[in-house]
Every structure is written in C-alpha cells, then in structure tokens.
Trainee: 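Sending over a structure as structure tokens; questions will come in a sec.
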Amino acid sequence: MEIKVKRDGSCSIVYVSGDIDLHSSPKLRETVLDLFRKRGQEKVILNLSQVPYVDSSGIASLVEGLQEAKKKNARFVLVGLNESPRHVLELTRLLNVFEIAASEEEAVG
Amino acid sequence: MEIKVKRDGSCSIVYVSGDIDLHSSPKLRETVLDLFRKRGQEKVILNLSQVPYVDSSGIASLVEGLQEAKKKNARFVLVGLNESPRHVLELTRLLNVFEIAASEEEAVG
Amino acid sequence: MAEEVEVIIAGDPRWLRLARGVVEEFLAQTGFHAQQREEIAVAVGEAVANVIRHAYKGDTRQKFSLLCNEGNGAVEIELRDQGEPFDPPKEPIPPPDETSAGGRGIFMMQAIMDEVEYTRQGNTNSVRMKKYLPGKTG
Amino acid sequence: MAEEVEVIIAGDPRWLRLARGVVEEFLAQTGFHAQQREEIAVAVGEAVANVIRHAYKGDTRQKFSLLCNEGNGAVEIELRDQGEPFDPPKEPIPPPDETSAGGRGIFMMQAIMDEVEYTRQGNTNSVRMKKYLPGKTG
Ligand SMILES: Nc1ncnc2c1ncn2[C@@H]1O[C@H](COP(=O)(O)OP(=O)(O)O)[C@@H](O)[C@H]1O
Ligand SMILES: Nc1ncnc2c1ncn2[C@@H]1O[C@H](COP(=O)(O)OP(=O)(O)O)[C@@H](O)[C@H]1O
C-alpha cells in the first residue's frame, strides 16, 4: 500500500493505492489521525479509487478517522470506493455512517 | 485463458487473453494449427496484447504454429507482445524468428 | 474431501496478501463467479488476521496452515494454528456499533460463508469455512 | 535459511498460476524490483512445469512442495517431488534451434537464476533456484 497526501490549507486529500489490510492499515490510521490531531485539518478526503480491498482492520482505521473528525468538528470524506470495499462497508452496516462523495471535486466542494 | 477467433476470408485474427502456460497452451496450439490445417488460412494473426505471461510450452505452441505456416506457405504474425512474453522470446533467441507487427492494422496489411 | 492446496506460512501480516491470493487462485478453478471469489477471500483474510492477532498475539515466528478443498458441491477453507485456545461465540455475532474500532471479523466471516466452525484438537486450533457452490445447498 | 513460505499442491497444470502467484507475492516482500520478480516467476513456472510433465509424467494426483526462502542476500526457491529421478545436464544448456517445439525450460531457468541445483535424497527430487538480491553476489 502507498499513501500520498496533498495538503491545501485546512483541507487534505489522502491518496491510497493498494490493499488496506492488517499489514498496511496502521500506516493509514496514523496518517489520517495525524492530519486531524497534529495538522488541525478541517477536512480530510480519502481517495480510495486505487484500493481494491479493505479488511476489518482497514474499516477500523476508517471508523477511528471518522470519530476523530467528529471530536474535532472536522469532516472525513470518502471518495472513489470500489466495489469490494463498498460491499464490506455495506456488510458491516457502515455505508451510511460515512460521508461519501461522488467525486474528488464534490468532496473538495 | 480465453481465445476468440475473427475470420475474414483467408485471414484470421486470434485474440488471446490470460496467461499462456502448460495449462492453457494446448488449446492455443490446437486453435492455431486448425486454422492452417482445416481452414486453410493464408494468414493467422495472433493478438497477444491481453497476454501478460507465456511459458516455454506457450513458446512451443508459437513455434509449431510458425512451422505449420511455413509448410503451408502461409503467414503467422504476432502482434501486441507485452514486456514479459517479449523478454521470454528474446531469452530463447526467437524474437527475430517470428514475424512481429506493430499493430493489428499493419498485420492485416 | 482431499486437501488440494496447502500453504504453510508464518503468522505475519505481510503474508496476508499471499494467503488471499492463494484462495482466489484456488477459487478460480471452481464454479464461483468473480464477486463470490472476492468475498470468500475477504472472509478468509479475516480468519487469517485473527490467527495472527489473537491466536499468536502478534508473534510472527509462529506458523499456520491454510488448506483449500473442493468436494460435495462446496469449497472448504480451513486454517490450523497452534496458538491460544479460542472458545468462539455459539450464536451468530451481530456487527458492533458504528463507533467501535474492532469486532467485525467473525461477523464478516459468518455473513459471507455458509458455515464457520471452530474446533480444537490437541494443541491445534482449526477454523473451517464452507461455502456451497452456486445452485447447491447443504 | 528458514522456510518462510511453503505450498503443497498436486502436480496439475491448473495450479501453475497459483504457484507463480505465490512466488510473486513472496518476492514482493524482498528487494527485487517488478521486472526481476516476473522473471523469477518465469523460471519457477518452468521448474514446476517440468515436475508436472517429467517427474510425475502427467499424473496429477501426485503432490509437490514449493518452498520460498530469503537469507544471506539471496532468495532461494526450491521444489521437491517424489517422482522420477532426474540426472540433469552438468553443463549449462544452450537454447534449442528455432524449429524445436521443446527443450527450453531448463535453459530459461539457468538464464534467469544465479544458481540452479538438482539433488536427490531418498525418493525425493529437489531443484533449488537461487537469485542474489540487487547489489549482492555469491
Ligand atoms: N483465531 C482466534 N484465536 C483467538 N481468539 C480469537 C480468534 N478470533 C477471534 N478471537 C477473539 O474474538 C474477538 C472477536 O473477533 P473479531 O470479530 O474478528 O473482531 P476483532 O478481531 O476486531 O476483535 C477477538 O477480539 C478475539 O478476542
Ligand atoms: N524435473 C524433471 N524430472 C525429470 N526429468 C526432467 C525434469 N526436468 C527436465 N527433465 C528432462 O530434461 C529435458 C529438458 O527439459 P526442458 O529444458 O525443461 O525442456 P522440455 O521440458 O521442453 O523438454 C526434458 O525433456 C526431460 O526429459
């Protein structure tokens, strides 16, 4: 898994490519939490269009990101969900819990 | 591996997708030899653009196709070689033995 | 059912992708379509992650086995480890509430597979995950 | 070197992709770049095909092992089968002439890997294929 962050003022876009599983999710978790905690970002957009697979540890990282965002009155937006990650979010009844944008432009708003 | 054949008079284009290995090469071999032997094709174009991998049994099928073409005074043309199959042909010193076209249009001539 | 594919690897998260890849390649030789193959790999990935995190508590030197079988209209994927005994919940597990960071693995396994069975023999834990082929039932 | 990944499968051509996939995933955890990983998988694919066709003469019920190891600046992939004994050529094999339909497998293995060694112990044949990591030598 690779992560790239594009920061523009108080909004960051996090580009992930590759599977998010127990091996890689700690890095994603840390990246997202840092953006809220240390960088004080008001909006973090997670672009998952290059992510074919997310396991429950990846889901856990997303949930923690969302919790942190709420605590800071910030926004955590998912974009580019592929079929399998979407299905996993559906299965775990979390699809409606996240803010999901149809495109990066919409997410940047 | 999947094979589709488009026949236009005495010229056939064979589209292969997937790995050509000991598991799948017998089917390719039969398809190509039949086109020369039973269908009397004067030109068989093998489109390998959807083939990421060819092993030595696949190479053997290509060599047999070429031998059959020569016997019948016909042409056997490869097109769309990806990096790994090209490298395998290079390694086995067969790259210059085959007629290789830059595009399907060029191969059809 | 005869064991068709067996993989023995260390309980290290870096081999998770390899384990899922083996399952997907195995399933490619069965009657499951692409989306089902992906789902089954998701379930097996959760089971492997549990072996790594819970049975072996992160000790990446310990090894486990992944066994893939097909027979009687179903595939069965089994994991065997020599870690902590695990007494699994008897009832299907509900998914946790939306603020919880964990506790979704077994739920996903149960939701995707037709049968999930934990057993222990001697010092070996086994989890067997069964899925009937399209059109077949148990 | 410790055995890091071990796969036991039937000598059936339908598992060739699975075997190559395991090797590529294993190599993804090492220092080889993508093109080298593909090449090594080509070499291993040839070795597996030889076990299937020659050692087991197409008897797809027989099993072989694929072992992947890393250590001392190299990876070593080993195949073990209980098939026909094989006395390999002592000298590097030249590629056959362009009209020949076979005889390129061992040549490719030797061309790609740094060392290819065949041994037999008891009723087990072993072929060990070694490749040094970029920047390392034997
Ligand atoms: N293979 C296992 N060995 C030991 N304990 C396990 C195993 N699988 C699950 N558990 C226990 O069951 C709990 C629930 O597992 P799971 O639903 O996968 O969620 P999570 O792993 O996120 O906690 C785990 O926290 C752990 O205590
Ligand atoms: N693992 C093996 N066991 C027994 N015989 C083998 C084995 N590998 C190779 N051989 C023998 O060596 C010959 C050359 O092998 P190879 O170079 O791979 O070409 P091919 O398999 O196309 O003949 C084979 O034809 C076979 O007789």
Side-chain angles (χ1 to χ4, degrees), chain A residues 1-2 16-33 36-37 46 48 50-72 74 76 78 81-100, chain C residues 9-21 23-24 27 32-60 64 79 92-113 116:
Chain A
M1 187 201 66
E2 310 223 318
V16 186
S17 83
D19 292 352
I20 305 178
D21 63 13
L22 186 59
H23 184 47
S24 54
S25 64
K27 195 169 129 190
L28 174 64
R29 178 182 181 278
E30 204 183 334
T31 302
V32 170
L33 292 182
F36 289 121
R37 288 178 185 163
L46 190 61
L48 296 170
Q50 301 303 313
V51 174
Y53 174 88
V54 178
D55 78 355
S56 73
S57 82
I59 298 287
S61 302
L62 301 187
V63 167
E64 286 185 84
L66 181 60
Q67 294 306 310
E68 192 62 28
K70 285 186 173 162
K71 224 159 70 184
K72 296 280 195 297
F76 184 50
L78 310 184
L81 269 182
N82 284 307
E83 198 181 297
S84 170
R86 176 179 291 271
H87 183 65
V88 166
L89 283 177
E90 220 169 70
L91 200 68
T92 52
R93 299 172 203 172
L94 291 169
L95 199 53
N96 299 321
V97 169
F98 287 95
E99 182 177 348
I100 298 176
Chain C
I9 32 177
D12 190 317
R14 68 193 184 130
W15 301 131
L16 270 166
R17 261 179 67 94
L18 189 152
R20 292 195 302 268
V23 170
E24 294 209 24
L27 294 173
F32 289 108
H33 51 69
Q35 202 203 317
Q36 290 173 309
R37 301 200 296 255
E38 268 182 26
E39 274 190 32
I40 297 172
V42 166
V44 177
E46 295 299 328
V48 173
N50 279 348
V51 167
I52 295 172
R53 289 173 58 210
H54 303 306
Y56 288 149
K57 299 184 178 309
D59 178 355
T60 56
F64 70 95
L79 299 179
I93 295 196
D97 122 294
E98 66 194 49
T99 61
S100 168
R104 294 181 180 86
I106 295 179
F107 169 74
M108 284 163 68
M109 290 159 59
Q110 290 178 336
I112 292 167
M113 305 301 287
V116 177

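Lettering follows sequence order; numbering is per chain, from 1. Excluded from the calculations below are hydrogen atoms, water molecules and symmetry mates; all remaining heavy atoms, backbone and side chain alike, are included.
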Trainee: How long is the gap from CG on C:Leu16 to OG on A:Ser24, to the nearest 0.5 Å?
Mentor: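 Taking CG in C:Leu16 and OG in A:Ser24, the distance rounds to 9.0 Å.
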Trainee: Can you confirm whether A:Asn96 is buried at CG, in the sense that more than 12 heavy atoms of other residues, nucleotides or ligands lie under 6.0 Å from that atom?
Mentor: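 No.
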Trainee: Given a strict heavy-atom distance threshold of 4.5 Å, which part of C:Ala49 is in contact with chain A: side chain, backbone, both, or neither?
Mentor: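 It is both, since atoms from each part get that close.
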Trainee: With a 4.5 Å cut-off on heavy-atom pairs, point out which of C:Glu46, C:Arg53, C:Glu38 contacts chain A the most.
Mentor: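 Heavy-atom pair counts peak at C:Glu46.
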Trainee: Let me confirm one number: the CG-OG distance from A:Leu94 to C:Ser100, rounded to the nearest 0.5 Å.
Mentor: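 Between A:Leu94 CG and C:Ser100 OG, I get 9.5 Å after rounding to 0.5 Å.
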Trainee: Less than 4.5 Å apart, side chain to side chain, heavy atoms only: is that true for C:Ile112 and A:Leu91?
Mentor: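 Contact flag for C:Ile112/A:Leu91 side chains = yes.
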Trainee: Using heavy-atom distances under 4.5 Å, tell me whether A:Leu62 contacts chain C through its side chain, its backbone, both, or neither.
Mentor: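 When you check distances to chain C, no heavy atom of A:Leu62 falls under 4.5 Å.
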Trainee: Is any NZ, NE, NH1 or NH2 atom of the basic residue among C:Arg20 and A:Asp21 found under 4.0 Å from an Asp or Glu carboxylate oxygen of the other?
Mentor: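 Salt bridge between C:Arg20 and A:Asp21, a charged N being under 4.0 Å from a carboxylate O: yes.
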Trainee: Under 4.5 Å between any side-chain heavy atoms of C:Arg17 and A:His23, yes or no?
Mentor: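 No, too far: nothing below the 4.5 Å cut-off.
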Trainee: Do C:Val42 and A:His87 have side-chain heavy atoms sitting under 4.5 Å apart?
Mentor: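 When only atoms from C-beta onward are counted, A:His87 and C:Val42 do not touch, as no gap falls below 4.5 Å.
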Trainee: Show the nearest heavy-atom pair for residues A:Glu83 and C:Gln35, with the distance to one decimal.
Mentor: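 For A:Glu83 and C:Gln35, the tightest heavy-atom pair comes out as OE2-CG, 3.5 Å.
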Trainee: When you compare the side chain of A:Lys70 with that of C:Thr99, does any pair of heavy atoms fall below 4.5 Å?
Mentor: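 Counting from C-beta outward, C:Thr99 and A:Lys70 never come under 4.5 Å.
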